[in-house]
Amino acid sequence: MVTHRPPYASGPPGRHFAVLDPATGEPFDEAPDQHPDDLDAVVARAHEAWRGWRSDPGARSAALRAAADAVEAAGADLAPLLTREQGKPLTESHQEVARTAARLRYFAGLSPRTESLVDGRPVRSEIRWRPLGPVAGIVPWNFPLQLASAKFAPALAAGNTMVLKPSPHTPLATRLLVSVVSAALPEDVLTVVTGREPLGTRLASHPGIRHVTFTGSVATGRAVARDAAASLARVTLELGGNDAAVLLDDVEVERIADRLFWAAFRNCGQVCMAVKRVYAPARLHSRVVEALAERAAATVVGPGLDPGTQLGPVGNAPQLARVERCTARALADGARAAAGGHRLDRPGYFFAPTVLTDVPARSPVVTQEQFGPVLPVLPYGSLDEAVEAANGTGFGLGGSVWGTDLDRAEEVAGRLECGTAWVNHHAELSLAQPFAGAKESGVGVAGGPWGLYGNLRPFVVHRPQEAPR
């Protein structure tokens, strides 16, 4: 472990906790373990900063554009640190930094519209939009920078301030990101707190927080909603996904195999909207399994800082244990590993890219979110059967349909019970589109103008159309 205290790890004097490198399983630095009682002062400063930040939309826009420029300029520092604590290949970390800057720039260009309501009365009604106040952003470890910006960019653009809490698995790159962004903002508009539970619980339930935006598991999302209810704060919850990819009987397997494989395995499968189940027509099932298994076997797995690495480690030891349990259960239930199926015998949290066949339909690797480099491929007889299976879990984040006849594929995609459906690709999002889950996959909307308005409340002013006589 290093003994120096670089800016991204520095903080108030007191306790610290170790940050592990998932490529080695060993500590490489520390982060401040802030006490929950510290939040009173942090939230109070965020509230004080809100008074000025909310008052000048033009200054906010300029500051967010400057912050985007600063993030791009800091990419050479941010990306390697992100890879070191999260594990993803360095090229993907640079992409995450770029996406973070792009999101800041996008929301810097948005502002709410004042509207007039005409309803036949001799009254002029004007609908204006006001910010909420201090917002809490609670961020997971799989895309710590990108998801942090998905919370603070719209919140700040709307005129709120934010207290951001990253996962204790990935606190360092987020601390550095906040220091870079905050240099372009007034003091205390954006602050970061790091630590272990009950820090997140206390933040979500803090009476000075007016909106809690969280990304993570369904179970934790329920707990966050209960915590936020104590102060009746608004909640936006982007929760788990178990996205299905339905392959139609006219699909050209070799043409789509690469796209399908990486839609499932990018970031070691640790993507909320990754393909986590594949349904293939029975007559094509073996070809699909073979094509995906060939790509799994050929994928270069290694530390994210190695230039040749295509797939890094699982992000942390608890998640690796979950992936191992889920895979072992499937194999014990009769599934067969066409590729992988085991942890790699080396230091760190490496798991072989795994393609499973002969998987029982009710196996947890099918019904639950495995969140790792494991993909079950299941055969189906009729298309109705495939759609029913795709819709047959409590999740509803995304889904995709793959085939040659695009009109037919789009019709089938319209039958999926999810927030976003793709045809012949998966998990590609525009900054301008809404992002929301169905069923247990989420509450509220992020992304695009919807994400901006989710951080605002309507304020209506009525006045007579004529002065009194």
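All values below were derived from every heavy atom in this structure, side-chain atoms included, with hydrogens, water molecules and symmetry-related copies excluded.
In this structure, Glu197 contributes its side chain and Gly200 its backbone to a donor-acceptor pair below 3.5 Å. Ser205 places a side-chain N or O within donor-acceptor distance of the main-chain N or O of Thr201, the cut-off being under 3.5 Å. No donor-acceptor pair closer than 3.5 Å links the side chain of Thr83 to the backbone N or O of Pro80. Side chain of Trp50 to backbone of Gly159: a donor-acceptor contact under 3.5 angstrom is found. Using a distance-only test at 3.5 Å, with no hydrogens or angles considered, a donor-acceptor pair links the side chain of Asn160 to the main chain of Gly133. Under the 3.5 Å distance criterion, the side-chain polar atoms of Glu126 are left unmatched by any main-chain donor or acceptor of Thr114. In this structure, the side chain of Arg259 engages the main chain of Arg255 through a donor-acceptor pair within 3.5 Å. Here the side chain of Asn391 pairs no donor or acceptor atom with the backbone of Leu416 at under 3.5 angstrom. Within the 3.5 Å criterion, the main-chain N or O of Pro32 finds a donor-acceptor partner in the side chain of Thr194. For Asp250 (side chain) and Asp405 (main-chain N/O), a donor-acceptor pair under 3.5 Å exists by modelled atom type.
Enclosure of atom CD in Glu385 by more than 12 non-hydrogen atoms of other residues, nucleotides or ligands within 6.0 angstrom is indicated. For Arg234, the CZ atom sits in a packed shell: over 12 heavy atoms of surrounding residues, nucleotides or ligands are nearer than 6.0 Å. The 12-atom threshold is not exceeded at CD of Glu410, counting heavy atoms of other residues, nucleotides or ligands nearer than 6.0 Å. Enclosure of atom CD in Glu115 by more than 12 non-hydrogen atoms of other residues, nucleotides or ligands within 6.0 angstrom is indicated.
Remark: Ser149 OG to Leu431 CG distance equals 8.5 Å, nearest 0.5 Å. Here Leu311 contributes atom CG and Phe265 contributes atom CZ; the two are 8.0 Å apart, rounded to the nearest 0.5 Å. Note: Cys272 SG to Glu238 CD = 4.0 Å, rounded to the nearest 0.5 Å. How far CG of Leu147 is from OG1 of Thr174: 9.5 Å, rounded to the nearest 0.5 Å. Between atom CG of residue Asp227 and atom CZ of residue Arg222 there is a gap of 14.0 Å, rounded to the nearest 0.5 Å. One distance of note links CG of Leu82 with OG1 of Thr100; it measures 8.5 Å at 0.5 Å rounding.
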From CA spacing to verdict: side chain to side chain donor-acceptor pair (under 3.5 Å), Asp243, His426:
CA-CA 9 Å; Asp243 290 14; His426 197 106; 3.0 Å; yes

Does Leu190 form a side-chain contact (heavy atoms from CB on, under 4.5 Å) with Ser182? I'd like the steps, not just the answer.
CA-CA 6 Å; Leu190 175 63; Ser182 294; 4.0 Å; yes

List the steps, then state whether side-chain contact (heavy atoms from CB on, under 4.5 Å) holds for Val365 with Val374.
CA-CA 8 Å; Val365 78; Val374 179; 3.9 Å; yes

Please test Thr213 against Val135 for side-chain contact (heavy atoms from CB on, under 4.5 Å), starting from the C-alpha separation and ending with a verdict.
CA-CA 8 Å; Thr213 172; Val135 176; 4.1 Å; yes

side-chain contact (heavy atoms from CB on, under 4.5 Å) for Leu78 and Val71? Distances and angles first, verdict last.
CA-CA 8 Å; Leu78 283 165; Val71 170; 4.2 Å; yes

List the steps, then state whether side chain to side chain donor-acceptor pair (under 3.5 Å) holds for Ser179 with Arg175.
CA-CA 6 Å; Ser179 72; Arg175 287 184 65 85; over 6 Å; no

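A centroid separation of less than 6.0 Å is found between the aromatic rings of Trp141 and Phe371.
His169 is not listed as a side-chain neighbour of Glu85, based on a closest heavy-atom distance of 4.5 Å or more. At a threshold of 4.5 Å between non-hydrogen side-chain atoms, the residues Leu429 and Met273 count as touching. For the pair Val445 and Phe435, the minimum side-chain heavy-atom distance is 4.5 Å or more. A heavy-atom distance below 4.5 Å is not found between the side chains of Tyr380 and Ser382. Side-chain atoms of Arg130 and Leu456, non-hydrogen and from C-beta on, never get closer than 4.5 Å to each other. Side-chain contact check for Leu64 versus Leu156: some heavy-atom pair is nearer than 4.5 Å. Using a 4.5 Å heavy-atom threshold, the side chains of Leu247 and Leu260 count as touching. Asp384 places a side-chain heavy atom less than 4.5 Å from the side chain of Arg415.
With no hydrogens or angles considered, no side-chain donor-acceptor pair links Trp53 and Ser55 at under 3.5 Å. Between the side chains of Lys151 and Thr215, at least one donor-acceptor pair of N or O atoms lies under 3.5 Å. The closest side-chain donor-acceptor pair between His211 and Thr236 falls under 3.5 angstrom. Looking at His47 and Asp188, their side chains never bring a donor and an acceptor atom within 3.5 Å of each other.
For the pair Arg266 and Trp262, the NZ or CZ position fails the cation-pi test of under 6.0 Å to the six-membered ring centre and within 45 degrees of the ring normal. Geometric assessment of Arg128 against the ring of Phe459 yields a negative cation-pi assignment under the 6.0 Å and 45° thresholds.
With Thr393 as reference, Arg277 is the one residue of Arg277, Gln368, Glu440, Glu369 to meet the side chain to side chain contact (heavy atoms under 4.5 Å, CB included) rule. Screening Leu177, Val189, Val139, Thr161 for a side chain to side chain contact (heavy atoms under 4.5 Å, CB included) involving Phe152 leaves a single residue, Leu177.
Pairing each heavy atom of Gln146 with each of Arg103, the nearest pair is O-NH1, 3.3 Å. Across Cys268 and Val314, no two heavy atoms sit closer than the pair SG-N, 3.9 Å. Heavy-atom minimum distance, Glu92 versus Gln310: OE2-O, 4.1 Å. Between Leu452 and Pro112, the shortest heavy-atom contact is CD2-N, 3.9 Å. When all heavy atoms of Ala432 and Pro449 are compared, the pair lying nearest together is O-CD, 3.8 Å. The two residues Pro171 and Val19 have their closest heavy-atom pair at CG-CG2, 3.7 Å.
Look at Arg105 and Asp69 and you find a salt bridge, because one of the NZ, NE, NH1 or NH2 atoms lies within 4.0 Å of a carboxylate O, short of that distance. Salt-bridge annotation for Asp29 and Arg84: absent, with no side-chain N of the basic residue lying under 4.0 Å from a carboxylate O of the acidic one. Taking a cutoff of 4.0 Å between a charged side-chain nitrogen and a carboxylate oxygen, Glu96 and Lys88 qualify as a salt bridge.
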